[in-house]
Structure formats: structure tokens, C-alpha cells
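To start, the structure itself, in C-alpha cells.
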Amino acid sequence: MRVLVVEDEQLLADAVATGLRREAMAVDVVYDGAAALERIAVNDYDVVVLDRDLPLVHGDEVCRKLVDLGLPTRVLMLTASGDVSDRVEGLEIGADDYLPKPFAFSELIARVRALGRRTTVALPPVLERAGIKLDPNRREVFRDGQEIQLAPKEFAVLEVLLRSEGAVVSAEQLLEKAWDENTDPFTNVVRVTVMTLRRKLGEPAVIVTVPGSGYRI
């Protein structure tokens, strides 16, 4: 899952991004509304965690732009105000969910994951295919009932492949969904991660390489 965090309180923004990355999400961070619009124009995001009171371009305007573009991106709006009228207004603008500050990080994670599931065809919370069982919320992976320990990027790649339900996923798509914008697009990190993931999942191999196209399970 790829997430954009837009928050002008830099310590909070960086803390949220760090926590989301620990949950195997690819996260980009910006600190004002203008920068958010620039990122949205060039990157595809599953979820935008959007502070409402932003400098340069207000969070409301960023949200309206997302709606106008007709993107499948979901918006979780953050605000220091917990008034019902503010929450209603934010939802009417086009936000998909609303979370007042201060918030419990576990709730933020749950809401981001719930919104991320809405960007694609509805899938069960626990993903299963070819003897692999992946629970995004518990960060657990099992093969034929045996738990497998994965690094965050390995977990993210496996989740993307399982969510594709057998369709081929290109290296470029994996890079976009599992890594942030600071990753060199010419790196071999995807190939190396897939090789390590294959080894950890064991035999027979469940990740198939489709020459010239990508990978599938």
C-alpha cells in the first residue's frame, strides 16, 4: 500500500510516516498543501493522510482536487478540532474518513488499512492463495500452517502479489506500491527482494516469474 502523509507539524508527520513504514507501507511525506498537489500529480496513492489546516494550500482544497480528479485515492482527514460540525464538513468536502487529534496510532493504522481496502475490488482482511495466508493487521504470514518471518518490504511485496489475485504484477508496479519516491527506479531492489521472499516461502516456489512482464502467485 502506498500512502502520502500531508502534515505541517513535521515531527508528527515524520512520526506517522515511520510508524506506517513499520507496517510495511510505502510512505511519502510533505509538509504543505502545495507540495501535496505536486506529489498527487505524479504518483498514485492508495491513501492520503491529510491534515486539514495546511499552509500554502488548505487541506480542504487538496481534498477537493482529489475528488475533482476522480482518483480512487482515499482520504483520511486529520484535524485538531473534534467538533461534529467540522467532521461533517470534512466528509462533505470529499474525505472518506476523519480522525481528530490527538489520536491513538493503532486507530490511525486501522483506518488507513480499511481505506486502502476500498481502493480495489473488495477482498477479505486475510489474504489466502496457494497455501499462503497473510494477515495485514496482525503482520503475520503462514504457509501451510507454518509461520514465516518476513522483513517489512518482503511483507509488502507479498501483500501486493496476493491482492492481484493471480494477475501479473510488473517490477515497476511493485516498486510503486512497496517503496517510496526516494527509491532509485533503476535499482535491482525488487528482484533481490523477490528472490529473498521466494527463499523464505520455501518449496515448491509459489512466486512465478513471467519473463518480460513481472511476477504472480
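Note that these values count all heavy atoms, side chains included, but never hydrogens, waters or copies made by symmetry.
Within a 6.0 Å sphere centred on CZ of Arg22, other residues, nucleotides and ligands contribute 12 heavy atoms or fewer. Atom CZ of Arg216 has 12 or fewer heavy atoms from other residues, nucleotides or ligands within 6.0 Å. Annotation: Lys133, atom NZ; neighbour count of heavy atoms from other residues, nucleotides and ligands within 6.0 Å does not exceed 12. Within 6.0 Å of CD on Glu147 lie more than 12 heavy atoms contributed by other residues, nucleotides or ligands. The neighbour count for Leu11 CG, taken as heavy atoms of other residues, nucleotides or ligands under 6.0 Å away, does not exceed 12.
Neither Val67 nor Val57 shares a network with the other; the hydrophobic side chains, linked directly or stepwise wherever heavy atoms of I, L, V, M, F, W or Y lie under 4.5 Å apart, form separate groups for each. Hydrophobic clustering, with ILVMFWY side chains joined whenever heavy atoms are under 4.5 angstrom apart, keeps Tyr45 apart from Val42. Taking hydrophobic clusters as Ile, Leu, Val, Met, Phe, Trp and Tyr residues chained together by side-chain heavy-atom distances below 4.5 Å, Val5 shares a cluster with Phe103. Under a hydrophobic clustering in which Ile, Leu, Val, Met, Phe, Trp and Tyr are joined whenever their side-chain heavy atoms come within less than 4.5 Å, directly or via other members, Val112 and Phe105 fall into the same cluster. Leu150 is connected to Val189 through a chain of hydrophobic side-chain contacts under 4.5 Å among Ile, Leu, Val, Met, Phe, Trp and Tyr, so both are in one cluster.
Put simply, the side chain of Arg64 never gets that close to the backbone of Gly94: no donor and acceptor are under 3.5 Å apart. Between the side chain of Glu61 and the main chain of His58, no donor-acceptor pair closer than 3.5 Å is present. Using modelled atom types, no side-chain atom of Arg39 and backbone atom of Val30 make a donor-acceptor pair closer than 3.5 Å. Side-chain atoms of Thr73 never come within 3.5 Å of backbone atoms of Val47 as a donor-acceptor pair (strictly under, hydrogens ignored).
One distance of note links CD of Gln173 with CG of Asp44; it measures 10.0 Å at 0.5 Å rounding. To the nearest 0.5 Å, atom CG of residue Leu20 and atom CD1 of residue Ile109 are 4.5 Å apart. Atom-to-atom distance recorded for Leu66:CG and Ile93:CD1 is 12.0 Å, nearest 0.5 angstrom. Going from atom CG of Leu71 over to atom NZ of Lys65 covers 9.5 Å, rounded to the nearest 0.5 Å. Thr193 OG1 to Lys153 NZ: the interatomic distance, rounded to the nearest 0.5 Å, is 9.0 Å. In this structure, CD in Gln146 is found 11.0 Å from CG in Leu201, a value given to the nearest 0.5 Å.
Using a 4.5 Å heavy-atom threshold, the side chains of Lys177 and Asp46 count as touching. Between Glu159 and Arg163 the shortest side-chain heavy-atom distance falls below 4.5 Å. Residues Leu162 and Ile132 are in side-chain contact: their nearest non-hydrogen atoms beyond the backbone lie under 4.5 Å apart. Side-chain contact check for Leu158 versus Ile217: some heavy-atom pair is nearer than 4.5 Å. Annotation: side chain of Leu4 is not in contact with side chain of Val49 (no heavy-atom distance under 4.5 Å). Side-chain atoms of Tyr215 and Val194, non-hydrogen and from C-beta on, do get closer than 4.5 Å to each other. For the pair Arg191/Asn188, a side-chain contact is recorded, criterion being any heavy-atom separation below 4.5 Å from C-beta on. Arg52 has its side chain out of reach of Leu78: every pair of non-hydrogen atoms, C-beta onward, lies at least 4.5 Å apart.
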Please test Leu108 against Val16 for side-chain contact (heavy atoms from CB on, under 4.5 Å), starting from the C-alpha separation and ending with a verdict.
CA-CA 9 Å; Leu108 174 70; Val16 168; 3.7 Å; yes
Can you list the steps and then say if Thr196 with Glu154 is a side-chain contact (heavy atoms from CB on, under 4.5 Å)?
CA-CA 8 Å; Thr196 305; Glu154 296 160 2; 3.1 Å; yes
Could you walk me through whether Arg143 and Val206 satisfy the side-chain contact (heavy atoms from CB on, under 4.5 Å) test, starting with their C-alpha distance in whole Å, then the side-chain angles of each, then the deciding distance to 0.1 Å, before giving a yes or no?
CA-CA 10 Å; Arg143 179 168 189 181; Val206 294; 3.4 Å; yes
Could you go through Val48 and Val3, starting from their C-alpha distance and side-chain angles, then the distance that decides it, and tell me whether this counts as side-chain contact (heavy atoms from CB on, under 4.5 Å)?
CA-CA 6 Å; Val48 174; Val3 180; over 6 Å; no
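Pairing each heavy atom of Pro55 with each of Asp8, the nearest pair is CD-CB, 3.5 Å. For the pair Val190 and Trp179, the tightest heavy-atom approach, listed with the atom from each and the gap, is CG2-CZ3, 3.8 Å. Listed here is the closest heavy atom pair of Ala178 and Val157: CB-CG2, 4.2 Å. When all heavy atoms of Val75 and Cys63 are compared, the pair lying nearest together is CG1-SG, 4.3 Å. Nearest heavy atom pair, residue Ser164 against residue Leu161, reads OG-O, 2.6 Å. Scanning all heavy atoms of the two residues, the minimum distance from Gly59 to Leu50 falls at O-CD2, 3.4 Å.
For the pair Arg111 and Glu107, the salt-bridge criterion is met [side-chain N within less than 4.0 Å of a carboxylate O]. At a threshold of 4.0 Å, the pair Arg2-Asp28 counts as salt-bridged, since one of the basic side-chain nitrogens sits closer than that to a carboxylate oxygen. Between Glu9 and Lys101 there is a salt bridge, since a side-chain N of the basic residue sits under 4.0 Å from a carboxylate O of the acidic one.
For the residue pair Tyr31/Asp14, the side-chain donor-acceptor check at 3.5 Å is satisfied. A donor-acceptor pair shorter than 3.5 Å can be found between the side chains of Arg198 and Thr209.
For the pair Arg139 and Phe155, the distance from NZ or CZ to the six-membered ring centre is under 6.0 Å and the angle to the ring normal is within 45 degrees.
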